[in-house]
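Just so it is clear, the values below take in all heavy atoms, side chains as well, and ignore hydrogens, waters and symmetry mates. Just so it is clear, the structure is predicted and the values come from calculations on it, not from any experiment.
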Amino acid sequence: NNQSMRGKQKLSFDLIDVNPSVMIYNHVLSCWARSLDPDAESQAKTLLDRMMESRGTFSRPDTFSFNNMLNLYANRGNASAAEALLRKMERPDQEAPADVYSYSITMNAFQRRFTTSGPGKRDMKDPERAEELLSRLVARYEKSGYRDG
């Protein structure tokens, strides 16, 4: 019988090694970000929330994890959700701080929303919001001391 056979097989890995790394979770988040499934946002958010609430069971999210969520929002034209997540990533106490890609993805969300909205439905503030993000990125770069030249 198959069940008794499995019990007798020697495991080829340590059970401790089975805990997936954050990279594995990021692959799943990336899949959801590219998914056309109408429930993709909810699925990705649930996974990210589980990671954030983790006390050792799941890997803690990193900047790539949050950037995957930003990509999901940008791909769906949800610039408001992308901007809200970016603001959380900008907080000084954030374990996974925003990087240049976080800003770029969020700017893309504004651009996508602006260009896909029909005439008369465009939020004319989106270009200004994108430029404001650029200013915030430059200010963070300068504040960090990593000036070119």
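Atom CG in Leu134 sits 12.5 Å away from atom OG1 in Thr106 (nearest 0.5 Å). The OG atom of Ser65 lies 9.0 Å from the CE atom of Met89; values are rounded to the nearest 0.5 Å. Between atom CD of residue Glu90 and atom CG of residue Leu137 there is a gap of 9.0 Å, rounded to the nearest 0.5 Å. Atom CE of residue Met69 and atom CG of residue Asn78 lie 9.0 Å apart, to the nearest 0.5 angstrom. Summarising the geometry, atom CH2 belonging to Trp32 is positioned 9.5 Å from atom CG belonging to Leu47; distances are rounded to the nearest 0.5 Å. Considering CG of Leu70 and CD of Glu83, their distance stands at 11.0 Å, rounded to 0.5 Å.
Checked against side-chain contact (heavy atoms from CB on, under 4.5 Å), Glu128 has the following partners two or more places apart in sequence or in another chain: Lys125. Applying the side-chain contact (heavy atoms from CB on, under 4.5 Å) criterion to Phe114, with sequence neighbours excluded, gives Arg122, Met124, Asp126, Pro127. For Glu95, the side-chain contact (heavy atoms from CB on, under 4.5 Å) partners at least two apart in sequence or on another chain are Arg60. Listed by chain and residue number, Arg34, Asn68 satisfy the side-chain contact (heavy atoms from CB on, under 4.5 Å) test with Ser30 (two or more places apart in sequence, or in another chain).
With a 4.5 Å cut-off on side-chain heavy atoms, Arg112 and Tyr73 do not count as touching. Looking at heavy atoms from C-beta onward, Asn26 lies in side-chain contact with Leu29 at the 4.5 angstrom threshold. Val28 has its side chain out of reach of Gln43: every pair of non-hydrogen atoms, C-beta onward, lies at least 4.5 Å apart. The shortest distance between side-chain heavy atoms of Phe66 and Pro61 falls below 4.5 Å. Thr63 places none of its side-chain heavy atoms less than 4.5 Å from the side chain of Tyr101. Counting heavy atoms from C-beta outward, Ser135 and Arg140 have side chains that stay 4.5 Å or more apart.
Pairing each heavy atom of Ser59 with each of Ser21, the nearest pair is OG-C, 3.3 Å. The shortest non-hydrogen separation linking Asp39 to Asp37 is N-OD1, 2.6 Å. Annotation for Ala40 and Leu72: closest pair O-CD1, 3.9 Å, computed over non-hydrogen atoms.
Heavy atoms from other residues, nucleotides or ligands lying under 6.0 Å from CD of Gln94 number more than 12.
The closest side-chain donor-acceptor pair between Thr46 and Asp49, if any, does not fall under 3.5 angstrom. For the residue pair Asn67/Asp99, the side-chain donor-acceptor check at 3.5 Å is satisfied. Defined by atom type and a distance below 3.5 Å, a donor-acceptor pair is present between the side-chain atoms of Ser80 and Arg113.
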Chi angles and distances behind the salt bridge (Lys or Arg N to Asp or Glu O under 4.0 Å) call for Glu132, Arg136: CA-CA 6 Å; Glu132 191 256 331; Arg136 284 173 22 209; 3.0 Å; yes
Tyr25 vs Leu48, side chain to side chain contact (heavy atoms under 4.5 Å, CB included): CA-CA, chis, key distance, verdict: CA-CA 9 Å; Tyr25 287 99; Leu48 188 65; over 6 Å; no
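For residues 101-111, there are no salt bridge (Lys or Arg N to Asp or Glu O under 4.0 Å) pairs, not counting sequence neighbours. Residue pairs that meet the salt bridge (Lys or Arg N to Asp or Glu O under 4.0 Å) test with at least one member in residues 65-80, sequence neighbours left out, do not exist here.
One N or O on the side chain of Asn75 and one on the backbone of Asn71 form a donor-acceptor pair closer than 3.5 Å.
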